Each structure stands twice: as structure tokens, then as C-alpha cells.
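Inspection log for the structure reproduced underneath, given as C-alpha cells.
Please read these numbers as outputs of a predicted model, since none were measured by experiment.
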Amino acid sequence: MYAEKLTEAQIREIMNLISDDGQLRIMQIRTYNDTFDDCIHFSKVPEIKAMFQETEETYRLQDYHIAGFHHAGAGSDYIYRKKMYEYFGDQYAIDFLLKM
């Protein structure tokens, strides 16, 4: 719902913030269908192929966390949710609390 609305610039900003050294090299950003029955249920989830300290990894941005990161800095989910709150405001925080 929210991750699907991120622009490429916002994705790059988020990924650089969670990088340990702030020097994340993003190689590709793409969206894909997240479900098996695409004709009925279509979802665009951003997927990033990135280089963290010479290790290539793939990340999927979910609404409230980043799936697949191993070399991201400590507190990455918190940083991600904070940026998402800046982008989407109070409704994002309310939806997060209701889903917890």
C-alpha cells in the first residue's frame, strides 16, 4: 500500500540512510507482481538490487520493514519507518499501530 507509492528518489534516499557507510550503490530498482494469481490480485512491491560494502544483495520494501537485508546498518527498520512517516504522515503511523 505505502511502499508501492515510493518514488525512485525516495527509495534511493532510504537505502542510503540504512547503509552503514552511507555509500550504498544501487544497481537496479524494479517492481514485480507479489502474488501467484496476478490476473486477480496485482501488487507492485519495490525490489532493489544493491551493493553493500562489496556484497550484492536484493531487498524488497514492504510497508513497515525491509525484507532481505543482511548488511544494512543497525536500526534499519526504525530508520525506514521514520522516513515512511515523513513521506506519508499520520495515517502511516496509525496503520502501523493497528497492524502491530
Side-chain angles (χ1 to χ4, degrees):
M1 181 163 80
Y2 291 101
E4 297 171 4
K5 297 176 185 175
L6 290 170
T7 66
E8 185 172 329
Q10 290 170 328
I11 291 170
R12 288 182 184 279
E13 181 181 13
I14 289 167
M15 295 306 289
N16 277 318
L17 283 173
I18 66 165
S19 170
D20 279 336
D21 57 7
Q23 299 298 317
L24 176 71
R25 211 174 79 221
I26 298 173
M27 297 157 40
Q28 180 183 19
I29 298 173
R30 70 183 183 103
T31 56
Y32 65 97
N33 296 341
D34 193 33
T35 59
F36 178 72
D37 50 348
D38 297 329
C39 59
I40 297 171
H41 203 64
F42 181 77
S43 177
K44 290 179 168 182
V45 177
E47 181 179 83
I48 297 102
K49 287 198 184 295
M51 186 76 84
F52 264 123
Q53 301 163 352
E54 300 185 17
T55 303
E56 184 179 323
E57 294 190 5
T58 301
Y59 309 89
R60 291 182 184 159
L61 301 184
Q62 306 295 324
D63 285 337
Y64 307 109
H65 71 283
I66 300 172
F69 65 87
H70 300 290
H71 292 88
S76 296
D77 278 340
Y78 172 76
I79 293 167
Y80 178 62
R81 287 191 298 267
K82 184 176 177 187
K83 286 308 286 183
M84 293 292 276
Y85 175 70
E86 287 178 27
Y87 298 144
F88 299 108
D90 290 340
Q91 189 60 49
Y92 176 80
I94 292 167
D95 289 344
F96 171 73
L97 292 172
L98 291 175
K99 293 191 190 284
M100 292 303 292

- Kindly write out the residues that satisfy ring-ring contact (aromatic ring centres under 6.0 Å, His included) with Y64, not counting sequence neighbours, or none if the list is empty. Y92, F96

- Query: Which heavy-atom pair separates K5 from Q10 by the least distance, and what is that distance?
  - Reply: O-OE1, 4.1 Å

- Task: With sequence neighbours left out, write down each residue that passes ring-ring contact (aromatic ring centres under 6.0 Å, His included) with Y87, or none if nothing qualifies.
- Result: none

- For residues 84-95, pull every pair meeting salt bridge (Lys or Arg N to Asp or Glu O under 4.0 Å), keeping only residues two or more places apart or in separate chains. K83-E86

- To the nearest 0.5 Å, atom CD of Q62 lies from atom CD of E4 at 10.0 Å

- Message: Between I48 and R12, is the side chain to side chain contact (heavy atoms under 4.5 Å, CB included) condition met? List the steps.
- Response: CA-CA 9 Å; I48 297 102; R12 288 182 184 279; over 6 Å; no

- Query: Taking atom CG of L61 and atom CE of M84, what is their separation to the nearest 0.5 Å?
  - Reply: 7.5 Å

- List for me each residue that meets side chain to side chain contact (heavy atoms under 4.5 Å, CB included) alongside I94, sequence neighbours excluded, and say none if there are none. Q91, L98

- Approximate separation, where rounding is to 0.5 Å, of I29 CD1 and I11 CD1: 5.0 Å

- Query: How close do I66 and D77 get, heavy atom to heavy atom, and via which atoms?
  - Reply: N-OD1, 3.3 Å

- Message: Any side-chain to backbone donor/acceptor pair from D63 onto Y2? Under 3.5 Å, distance only.
- Response: yes

